Amino acid sequence: MRTVFITGASSGIGAACAKVLAKEGNYRLLLCARREDRLAQLKEELQQSVEVEVHTFVLDVRNKEEVFTAIDTLPQEWKNIDVLINNAGLSQGLDPIQDGDTDDWDRMIDTNVKGLLYVTKAVTPLLKQSSNAHIINLGSIAGKEVYPNGNVYCATKHAVDALNKGMRIDLLPFGIKVTAINPGMVETEFSEVRFHGDKERAKSVYNGLIPLSGEDIAETIAFVLSRPEHVNINDLLIMPTAQANGTIVNRK
Ligand SMILES: NC(=O)C1=CN([C@@H]2O[C@H](COP(=O)(O)OP(=O)(O)OC[C@H]3O[C@@H](n4cnc5c(N)ncnc54)[C@H](OP(=O)(O)O)[C@@H]3O)[C@@H](O)[C@H]2O)C=CC1
Ligand SMILES: CC(=O)[C@H](N)C(=O)O
């Protein structure tokens, strides 16, 4: 039984990872996000469908002190973390740099880069105790190329790309695997958050094409985690068939 810690489990890719891994039958799930009600709902849903151990807690990954205290004060039986899925993240705004909102920039940098760093630093001592440790970082096509108006979000995901490579080097002596999962368009709450709650604009992002689902990404992560101990998948770029790169999509 491996214990998986998923950040940002209240929605989208994180929630889908919880559901897919719960069904696998060989994972215990440690789940966090800011929305407590969503986590409680997910826990109930998971435990109604399969037999799985789940522990949830509220965490804002931007809050350094909160991150270190939350990990430090986990119940003893939840401290044996084998897998960390650094999934919590967001995009806010889609504007040219000269028109960007500095509060949006702060939220993206604080969550996608600093939050990921705090969680990784807090959890690494626990991962070092595992004989089968793995960190999965949610990057993006936005970490491989820059698209118009993506400026700061793309910068944060380029940072995740660099951190993913850096972690793999630094954690090599401890046998901790490090993998980047870089999706293209996945229909989750991502666009709704990017457009500050504008549901119509968010929906239009996926008009005329079949985007990836959170489950598509979760199944890929389950595959990555299921490789034999001597095999690590370093980096994956996953797109809907209708998307060629960060900007070119085929809409019907
Ligand atoms: N959807 C897409 O097209 C793509 C997404 N990604 C990446 O995938 C990851 C998941 O996004 P996705 O599932 O699509 O989007 P969602 O908006 O559906 O989910 C984001 C999750 O992150 C959590 N989160 C956001 N901010 C914080 C915070 N400060 N502290 C703790 N948790 C936080 C949210 O929970 P809560 O609000 O409850 O805190 C939520 O559970 C992100 O890193 C995103 O950048 C990458 C490429 C493409
Ligand atoms: C362009 C993408 O595929 C990605 N979802 C993003 O908006 O960065």
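Each ligand, and each atom within it, is numbered from 1 in the order the structure gives. Quick note: residue numbers are just sequence positions, from 1. Just so you know, these numbers come straight off a predicted model, no measurement behind them.
Those atoms of ligand 1 with a heavy atom of Gly12 less than 4.0 angstrom away are 13 (O), 18 (O). Heavy-atom contacts of Gly8 reach the following atoms of ligand 1: 21 (C), 22 (O), 23 (C), 40 (C), 41 (O) (cutoff under 4.0 Å). Near Arg35, meaning under 4.0 Å from one of its heavy atoms, ligand 1 places the atoms 35 (O), 36 (P), 37 (O), 38 (O). Close contacts of ligand 1 with Gly139, meaning ligand atoms under 4.0 Å from a residue heavy atom, involve 46 (C), 47 (C). If you number the atoms of ligand 1 from 1 as listed, the ones under 4.0 Å from a heavy atom of Gly184 come out as 2 (C), 3 (O), 4 (C), 47 (C), 48 (C). Heavy-atom contacts of Ile13 reach the following atoms of ligand 1: 8 (O), 13 (O), 14 (O) (cutoff under 4.0 Å). The atoms of ligand 1 that sit less than 4.0 Å from any heavy atom of Asp60 are 28 (C), 29 (N), 30 (N). The atoms of ligand 1 that sit less than 4.0 Å from any heavy atom of Ser11 are 16 (P), 18 (O), 19 (O), 40 (C), 41 (O).
Nearest non-hydrogen protein atom to atom 30 (N) of ligand 1 is Val61 N, 3.0 Å. Looking only at protein heavy atoms, the nearest one to atom 33 (C) of ligand 1 is Ala88 CB, 3.7 Å. In this structure, atom 42 (C) of ligand 1 lies nearest to the protein heavy atom Asn87 O, 3.2 Å. The nearest heavy-atom contact from the protein to atom 1 (N) of ligand 1 is Val186 O, 2.9 Å. Counting only heavy atoms of the protein, atom 44 (C) of ligand 1 lies nearest to Tyr153 OH, 3.7 Å. At the shortest separation from atom 40 (C) of ligand 1 among protein heavy atoms lies Ser10 OG, 3.6 Å. Of the protein's non-hydrogen atoms, the one nearest atom 39 (O) of ligand 1 is Arg34 NE, 2.7 Å. The protein atom (non-hydrogen) at minimum distance from atom 15 (O) of ligand 1 is Thr188 OG1, 3.4 Å.
Side chains of Thr241 and Ile210 form no contact here, defined as non-hydrogen atoms less than 4.5 Å apart. Inter-residue side-chain proximity for Asn112 and Leu90 is flagged as met; some heavy-atom pair is nearer than 4.5 Å. Thr247 is listed as a side-chain neighbour of Pro148, based on a closest heavy-atom distance under 4.5 Å. Side-chain contact check for Ile221 versus Leu138: some heavy-atom pair is nearer than 4.5 Å.
Polar contact check, Tyr206 against ligand 1: no nitrogen or oxygen pair lies under 3.5 Å apart.
Contact annotation: for Leu59 versus ligand 1, heavy atoms closer than 4.0 Å belong to the backbone alone. Contacts of Arg38 with ligand 1, taken as heavy-atom pairs under 4.0 Å, are absent altogether.
Every residue meeting the side-chain hydrogen bond (donor to acceptor under 3.5 Å, both in side chains) condition with Ser91, not counting sequence neighbours, appears here in chain and number order: Arg194. Annotation: side-chain hydrogen bond (donor to acceptor under 3.5 Å, both in side chains) contacts of Asp161 (sequence neighbours excluded): Lys144, Lys165.
The list of salt bridge (Lys or Arg N to Asp or Glu O under 4.0 Å) pairs with a residue in residues 240-252, not counting sequence neighbours, is empty.
Salt bridge absent: Glu229 and Lys177 never bring a charged side-chain N and a carboxylate O closer than 4.0 Å. Salt bridge Arg35/Asp37: absent, no basic N to carboxylate O contact under 4.0 Å.
A cation-pi arrangement is found for Arg201 relative to Phe195, the charged atom lying closer than 6.0 Å to the ring centre and inside a 45° cone about the ring normal.
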Between the protein and ligand 2, are there any N or O atom pairs that come within less than 3.5 Å of each other, and if so, what are their names and distances?
residue: ligand 2; atom: 3 (O); partner: Met185; partner atom: N; Å: 3.2
residue: ligand 2; atom: 3 (O); partner: Gln243; partner atom: NE2; Å: 3.1
residue: ligand 2; atom: 5 (N); partner: Gly184; partner atom: O; Å: 3.4
residue: ligand 2; atom: 7 (O); partner: Tyr147; partner atom: OH; Å: 3.1
residue: ligand 2; atom: 7 (O); partner: Arg194; partner atom: NH1; Å: 3.1
residue: ligand 2; atom: 8 (O); partner: Tyr147; partner atom: OH; Å: 2.5

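For Phe5 and Phe57, the ring centers are positioned less than 6.0 Å apart. Tyr153 and Tyr147 have their aromatic ring centers separated by at least 6.0 angstrom.
Aromatic ring orientation, His55 versus Trp78: parallel (interplanar angle below 30°, classes split at 30° and 60°).
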- Stepwise side-chain contact (heavy atoms from CB on, under 4.5 Å) test for Leu127 and Ile81: CA-CA 6 Å; Leu127 291 174; Ile81 299 174; 4.0 Å; yes
- Item | Step-by-step side-chain contact (heavy atoms from CB on, under 4.5 Å) determination, Leu163 to Asn137 | CA-CA 9 Å; Leu163 290 171; Asn137 293 310; 5.9 Å; no
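Using a non-hydrogen distance threshold of 4.0 Å, Pro183 registers as a contact of ligand 1. Judged by the shortest distance from any of its heavy atoms, Thr111 lies inside the 4.0 Å radius around the atoms of ligand 1. Distances shorter than 4.0 angstrom do not occur between any heavy atom of Glu192 and any atom of ligand 1.
Leu31 and Leu225 fall within the same hydrophobic cluster, where Ile, Leu, Val, Met, Phe, Trp and Tyr residues are linked whenever their side-chain heavy atoms come under 4.5 Å apart, directly or through other members.
For the pair Thr124 and Leu171, the tightest heavy-atom approach, listed with the atom from each and the gap, is CG2-CD2, 3.8 Å.
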